[in-house]
2 protein chains.
Amino acid sequence: MDLSDRKQKILQAIIDEYIGTAEPVGSRAISKRNELGLSSATIRNEMADLEDMGYLVKPHTSAGRIPSDIGYRFYVNSLMQRYQISVEAVERLKEELFNRVNQLDVLIKKAGVMASVLTEYTTVFTAPSLGRSVIRKLDIISMSGANSLLLLVTKAGLVKNKMIDAAVDDYEAAELTAAINRVLSGKTCDEITESDFEEICELALRETDIDERKISLVIGYVAEWIRTLGESEVFVNNSRAILQYPEFSNVGKAREMLDFLEDKDNLIKIMESGHNTEGVGIKIGAENDFKELENTSLVTVDYKIGDRTLGQIAVIGPKRMNYAKVIASLDLISTQIDSILKQFTEGEG
Amino acid sequence: MDLSDRKQKILQAIIDEYIGTAEPVGSRAISKRNELGLSSATIRNEMADLEDMGYLVKPHTSAGRIPSDIGYRFYVNSLMQRYQISVEAVERLKEELFNRVNQLDVLIKKAGVMASVLTEYTTVFTAPSLGRSVIRKLDIISMSGANSLLLLVTKAGLVKNKMIDAAVDDYEAAELTAAINRVLSGKTCDEITESDFEEICELALRETDIDERKISLVIGYVAEWIRTLGESEVFVNNSRAILQYPEFSNVGKAREMLDFLEDKDNLIKIMESGHNTEGVGIKIGAENDFKELENTSLVTVDYKIGDRTLGQIAVIGPKRMNYAKVIASLDLISTQIDSILKQFTEGEG
DNA sequence: GTTAGCACTCGGATTAAGTGAGTGCTAACA
DNA sequence: TGTTAGCACTCACTTAATCCGAGTGCTAAC
């Protein structure tokens, strides 16, 4: 099961080569690199061994070899060199993320875009989960007219709003806002229960002279809204990147993949499946739960506030992706988000 | 220049056929339809005439004919049959648009999606222009912490928010909100000038006891924000639809097109160029200002509130698109938006 | 253990021939 | 005079045959 040092070097050379060219690599190409000082015949023998052991695969008899999923896995776990992201790229990322971004959803959206810019692959990210976000403030805002506006701000700086079909005047808005915040402020959406809303209604009924029907109408809207806010949202960036790679050079395959990426339910499942890993998670080819992804690899990272996970950012690319670069990029982005959020929330009570 | 009745019928038959099959159509195919009772030889003669007149084009000697841009133009202007959208589709659209949508941006987004669902083509739409929207209310909301939230609601139901790096307490928020609304409420963003903000500052300074520096800080943020809000935003739906059509069966072409659709500046220009038309505007092939669109057609429609244009919805598809259906769909959607917005704003003062 | 040499494999490119949809023209017909 | 049948011709596309070369596995010599 163990690989000799030489076999490892050869495997690494093959994978490095294949990642660059997307062509099956032959013994001669490796020999010519002259890093190992071995003839093609020797390499050929070693390659045959590596194939027997399952690390390499031949597309057909007279082609070179390409890495198997197991080969990639070994590469990722043991062989891969650390990738150093250029100072300029880091600077650009910092500037992009820090620059006047003080709303969490905007920050994450930018982070998702930057991930696809850095890696040149398709990225998927989930919007910050409201279920796990702590409510800072929930306002009802009176509009002159037949409706009013609900406004929710979380501690991490996420802002959501919703127009409702209920007219409230300034007094009612202020009183209801106060009642709501006395009960909900500091809770996460997941923690809020039916009885919280009952409590709000009682509070409003007892301490204000707002019409009971109006209270229950408005609080009903709030309750319904909070429920829907818990639902996950996913976004895809740069999905057309897959057209760049020879793996998808036929339109049919490409379209299948794009269709797959369009289906939010799939994406949510993917993101959930990537979630149970520490730091950067990698799924190679058939390791993915979806058949549609059997020719791609998925690299995911969580973003969190403190130790509360808010969502994930993922990169989807061909199995022969530049793992080192992708991992370094996601790592960088997640630490940046972390430090921004820390700074962003520490002023708060 | 005039086309005989028979020539028109033949041209129509050719275009109808070509729209369906995407294959050059030959004289025999038209003859076999048996609508005209003419032999293929006769049709052949007429087709030769139509080619001389510029309505048809031959890809090569021994292929059938395809319509030229001029041919399509004549078809669209004079030949095309009215398309009747199915009752179910209309119902679905109404339900989708009316159902609990009371924010303009959400409504337009849904309309854009529905346009691509109905037509099965790529759609582009501009977000409602804030520059031309009348401000209903601009609120400053106090957050417990180092920042506060700006909230803008337009008469048509567009909601925008922005976190700013300035702490205000409830008193300051209420007073500043009042001052701002006394000056800005009822104006469109385009109408607001520098002196409006000066007026707000004076007002706040004279009638409240808020610190002068804080007033100018906050109002400065508001001014800056309002300026940026004037910028156009465009969105693309279902861009992968282009992969469906044989015109883009090679990945290179498809990618070029997708890249083009990704560039928001292009899209803004496209939408602007489509704008100066009444009702539904159609640009066929080379009629478009962009070389990238020379093999596509663009159908645009404005959506407006009263007589104030807020933005556009456009369909981009192959030149052999089903014009009748696309036009009918956009027409339907724009009238629906119109009636919703009418109903939506008529309650207001 | 390493390597040179060689027969063998097989996908991809190249070429050649065949196919068929379509055209344009001509001559006959109503 | 308009319509049509007939026929030679064109040309993209398909299929088959051939060639080419990168790559392999195996063997024998170093």
Side-chain angles (χ1 to χ4, degrees), chain A residues 2-11 13-15 17-18 20-68 71 246-247 249-250, chain B residues 2-11 13-18 20-68 71 246-247 249-251:
Chain A
D2 278 19
L3 287 184
S4 70
D5 197 50
R6 194 167 77 175
K7 280 198 174 59
Q8 293 195 15
K9 286 216 176 83
I10 292 175
L11 181 58
I14 292 171
I15 299 185
E17 185 79 16
Y18 186 65
T21 63
E23 300 285 324
V25 349
S27 51
R28 207 142 165 270
I30 300 301
S31 165
K32 271 211 225 140
R33 287 175 146 218
N34 230 354
E35 285 162 8
L36 300 152
L38 294 171
S39 78
S40 66
T42 310
I43 308 249
R44 220 146 45 226
N45 291 330
E46 295 286 44
M47 280 165 89
D49 289 352
L50 283 167
E51 187 179 352
D52 287 343
M53 296 163 107
Y55 294 97
L56 294 178
V57 152
K58 259 191 302 203
H60 58 87
T61 338
S62 68
R65 259 94 169 186
I66 62 177
S68 68
E247 284 83 348
S249 62
N250 89 65
Chain B
D2 277 19
L3 287 183
S4 71
D5 197 50
R6 193 168 76 175
K7 280 198 174 59
Q8 293 193 16
K9 284 215 177 85
I10 291 175
L11 181 58
I14 291 171
I15 298 185
D16 281 339
E17 185 79 16
Y18 185 65
T21 63
E23 298 286 324
V25 349
S27 52
R28 216 156 151 258
I30 300 302
S31 165
K32 271 209 224 139
R33 288 176 145 218
N34 229 356
E35 284 161 9
L36 300 151
L38 293 171
S39 77
S40 66
T42 310
I43 308 249
R44 219 142 49 225
N45 291 330
E46 295 286 44
M47 279 166 89
D49 290 351
L50 284 167
E51 186 179 353
D52 288 343
M53 298 163 107
Y55 295 97
L56 294 178
V57 151
K58 260 192 301 205
H60 58 86
T61 339
S62 67
R65 259 92 170 189
I66 62 177
S68 67
E247 284 83 349
S249 63
N250 88 66
V251 175

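Values below: every heavy atom of this structure, side chains too, minus hydrogens, waters and symmetry copies. Owing to the predicted nature of the structure, the values given are computational and were not obtained by experimental measurement. Order of the sequence lines fixes the chain letters, A, B, ..., with proteins taken first and strands second; residue numbering starts at 1 for each chain.
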For atom CD of E23(A) and atom C1' of dG21(D), their distance in whole Å: 14 Å
Is the closest basic N to carboxylate O distance between E35(A) and K9(A) below 4.0 Å? no
Spacing between I43(B) atom CD1 and dT4(D) atom P, to the nearest angstrom: 9 Å
Closer than 4.0 Å, any side-chain N/O of R28(A) to the OP1 or OP2 of dG21(D)? no
Round to the nearest Å and state the distance from D52(A) atom CG to dG25(D) atom C1'. 12 Å
Mind calculating the distance between NZ (K32(B)) and P (dT4(D)) to the nearest angstrom? 17 Å
Taking a pair as Watson-Crick or G-U wobble with both distances under 3.5 Å, which nucleotide is matched to dA28(D)? dT3(C)
Between the main-chain N or O of S31(A) and the side-chain N or O of S40(A), is there a donor-acceptor pair closer than 3.5 Å? no
Residues that D52(B) engages under salt bridge (Lys or Arg N to Asp or Glu O under 4.0 Å), provided they are two or more places apart: none
Take S39(B) and P59(B), find for each the nucleotide of DNA chain D with the closest heavy atom, and name the residue whose nucleotide sits nearer the 5' end. S39(B)
Among dA12(D), dA5(D), dT3(C), which nucleotide has an atom closest to any side-chain atom of A41(B)? dA5(D)
Minimum-distance nucleotide to R65(B) side chain [options: dT23(C), dG11(C), dT24(D)]: dT23(C)
Please tell me which of the listed nucleotides, dA12(D), dG11(C), dG24(C), lies nearest to the side chain of H60(B)? dA12(D)
In whole Å, what is the span from the CZ atom of R6(B) to the C1' atom of dT4(D)? 12 Å
Can a side chain N or O of R44(B) be found less than 4.0 Å away from OP1 or OP2 on dG6(D)? no
Check step by step if side-chain contact (heavy atoms from CB on, under 4.5 Å) holds for I30(B) and L38(B). CA-CA 9 Å; I30(B) 300 302; L38(B) 293 171; over 6 Å; no
Grab the two heavy atoms, one from L3(B) and one from Q8(B), that are nearest each other, plus how far apart they are. O-NE2, 3.3 Å
Mate of dG23(D) across any strand shown (Watson-Crick or G-U wobble, both atom pairs under 3.5 Å) is dC8(C)
Please determine if a side-chain N or O atom of S27(A) lies less than 4.0 Å away from the OP1 or OP2 oxygen of dT24(D). yes
To the nearest angstrom, how far is K7(A) atom NZ from dT2(C) atom C1'? 14 Å
Nearest to the side chain of E51(A), heavy atoms from C-beta on, is which of dG25(D), dT3(C), dT23(C)? dG25(D)
Taking only the side-chain heavy atoms of S62(B) (C-beta and beyond), determine which of dA21(C), dG25(D), dT3(C) contains the nearest atom. dA21(C)
Determine whether I15(B) and L11(B) satisfy the following criterion, side-chain contact (heavy atoms from CB on, under 4.5 Å), listing intermediate values before the conclusion. CA-CA 6 Å; I15(B) 298 185; L11(B) 181 58; 4.0 Å; yes
Please report, rounded to the nearest Å, how far the P atom of dG2(D) is from the CG atom of N45(B). 11 Å
Base, sugar-phosphate, or nothing for T61(A), non-hydrogen atoms under 4.0 angstrom? sugar-phosphate
Value in whole Å for how far the P atom of dG23(D) lies from CG of L56(A): 14 Å
5'-most by nearest nucleotide on DNA chain D - K58(A) or E46(B): E46(B)
